[in-house]
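Below: the structure, in structure tokens.
Just so it is clear, the values below take in all heavy atoms, side chains as well, and ignore hydrogens, waters and symmetry mates. As the structure lists them, so they are numbered: ligands from 1, and atoms in each ligand from 1.
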Amino acid sequence: MPHEPMFGLRTQALNGEAVPMTHPWSNDRVIGLVGPKGSGKTFLLNALLGTDPEDLERLVDEDRSDEPTVGVVTWRETDIALMDNLDQEALLHAADALIFVIASCDGVDAETAELWQRCAEEEIPRFVVITKLDDERADMDETVAVLRRLFSDGPELIRLTMPVLDDDEELAGFIDLATTQIWNWTTPELSIIESDPEHVGLIAEAREDLISDVAMISEDDKLTNALMLGMQPSIDALMSALEEASINGDAQLIVGHGLRENDVTVGTEFILDLIVDALPDPSLRLCPVVSSPDGTAQLPIDADPQSPLVAEVIHADADALSLVRIYSGQLSEQVMADGNLIITIDDETAMTSNLVWIVTEEPLINFMTLSSPDFPLIIQNINV
Ligand SMILES: Nc1nc2c(ncn2[C@@H]2O[C@H](COP(=O)(O)OP(=O)(O)OP(=O)(O)O)[C@@H](O)[C@H]2O)c(=O)[nH]1
Ligand SMILES: [Mg+2]
């Protein structure tokens with residue numbers, strides 16, 4: 001299986017070219033996994049980590065699977081931090097995007113529907129993975145219909161893949177509705193093949209839906225005009241429009257995932273490509289609004305490692321181990337907590353360049369602001 005290819009497998013398959021990135025954080029993604037209990041979040045996390053042999057030893061032990069966890073997988077030179085079992089409020093602060101993990105056979109709970117609504121209000125980029133598509137009760141069409149009723153009745157919830165079964169009716173792969181290519185996990189290595197006319201016929205209606213949804217949401221006038229005239233869009237234009245809308249939080253894509261024999265997970269690499277191509281990198285995020293400790297307003301701070309430090313404790317435990325999201329600047333050995341307490345960092349383990357586990361002398365508290373002792377700041381826009 002190809003690891004860390006230079007370009008996305010989807011783009012590569014279409015001979016596209018990657019755009020070089022210059023911002024020091026732009027090769028990272030900070031992503032939260034959310035969804036109903038038992039929907040398959042930890043399973044998906046392990047599937048994503050399992051694509052990189054070096055990460056195998058870091059797979060989440062099922063006995064510890066309720067604890068806040070950050071798994072990092074490197075895909076196409078992008079460090080992807082995936083946060084599991086984090087407090088919802090912490091994720092809303094700290095994640096650049098969320099993945100909603102919904103089981104194809106279990107429905108959606110009220111808490112997840114409420115979280116979706118909040119993300120819609122706060123325009124948090126996100127996509128949906130429909131899991132357990134190998135389950136005999138799985139019905140992706142039905143789950144997509146339920147999600148569209150529950151989450152949004154507009155064009156912004158866009159289904160991107162359709163499951164393909166093998167001769168034994170086992171989950172074999174997915175058709176990408178944008179490119180019409182089949183991603184096939186029945187071969188020893190994942191293969192991406194052109195679909196035959198029979199498959200193109202089967203997906204025709206779903207693809208029409210996708211194209212008309214793109215016509216409604218895209219900001220590319222040339223593309224929307226062509227679509228309004230009933231012309232077939234180029235695959236590149238379609239993919240760019242989908243990815244851009246997803247990064248901006250204007251559209252949310254739905255893709256599938258499942259398991260087949262020999263522990264092969266189906267859909268995993270597609271999801272990694274989507275995380276890199278269709279979710280925002282940290283440089284696209286605004287730094288939270290900050291003030292001085294006495295409440296004096298401060299000018300907005302750029303989300304840049306060269307700017308003053310603005311970081312937030314997003315999970316603190318009693319052993320003085322804390323997970324910290326850095327919004328700008330860099331941690332130093334001594335930091336100011338909530339503008340009035342100097343803290344010494346004894347040890348730190350970076351998950352990505354801006355998501356770090358730290359050990360401090362004294363335990364910290366959730367949602368504390370960490371800043372530089374020379375430039376103390378407090379994050380203002382939090383509602384905990
Ligand atoms: N067959 C199959 N089983 C799955 C799949 N995804 C998850 N499971 C199983 O479903 C059960 C629940 O999955 P978890 O990953 O623990 O779910 P979770 O969302 O992390 O659950 P909580 O952390 O308790 O909320 C486990 O037994 C998984 O092995 C899948 O795609 N196919
Ligand atoms: Mg779990």
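In this structure, a donor-acceptor pair under 3.5 Å is absent between the side chains of E312 and T369. Neither side chain, T161 nor D176, offers a donor N or O lying under 3.5 Å from an acceptor on the other. There is no side-chain donor-acceptor pair under 3.5 Å between H315 and S322. Side-chain contact of W75 with D273: a donor-acceptor pair under 3.5 Å is present, judged by distance alone. In summary, the side chains of E156 and Q252 do not present any donor paired with an acceptor at a separation below 3.5 Å, with no hydrogens or angles considered. A donor and an acceptor atom, one from each side chain of S291 and Q298, are nowhere located under 3.5 Å apart.
Using a 4.0 Å heavy-atom cutoff, D135 is absent from the residues neighbouring ligand 1. Contact annotation: G35 has no heavy atom less than 4.0 Å from any atom of ligand 1.
Distances between N or O atoms of K132 and those of ligand 1 include at least one value under 3.5 Å. Where the criterion is an N or O separation shorter than 3.5 Å, residue side chain and backbone included, D66 fails it with respect to ligand 1. Between G40 and ligand 1, an N or O atom pair is found at a separation short of 3.5 Å. Distances between N or O atoms of K41 and those of ligand 1 include at least one value under 3.5 Å. Residue-to-ligand polar distances place T42 within reach of ligand 1: an N/O pair is separated by less than 3.5 Å.
Among the backbone and side-chain atoms of N85, no N/O/S atom is found under 2.8 Å from the Mg ion (ligand 2).
Interface of G258 with ligand 1, defined as ligand atoms under 4.0 Å from a residue heavy atom, comprises 31 (O).
Proximity annotation for atom 23 (O) of ligand 1: of N85, L44, V34, N85 comes nearest, heavy atoms only.
Aromatic rings of F151 and W116 (six-membered ring for Trp) have centroids within the 6.0 Å cut-off, being under it.
Residue-level proximity to ligand 1 for V101 is absent, since no heavy atom of it falls below 4.0 angstrom.
Remark: of the listed residues V101, T42, T69, V101 is the sole one forming a side-chain contact (heavy atoms from CB on, under 4.5 Å) with L33.
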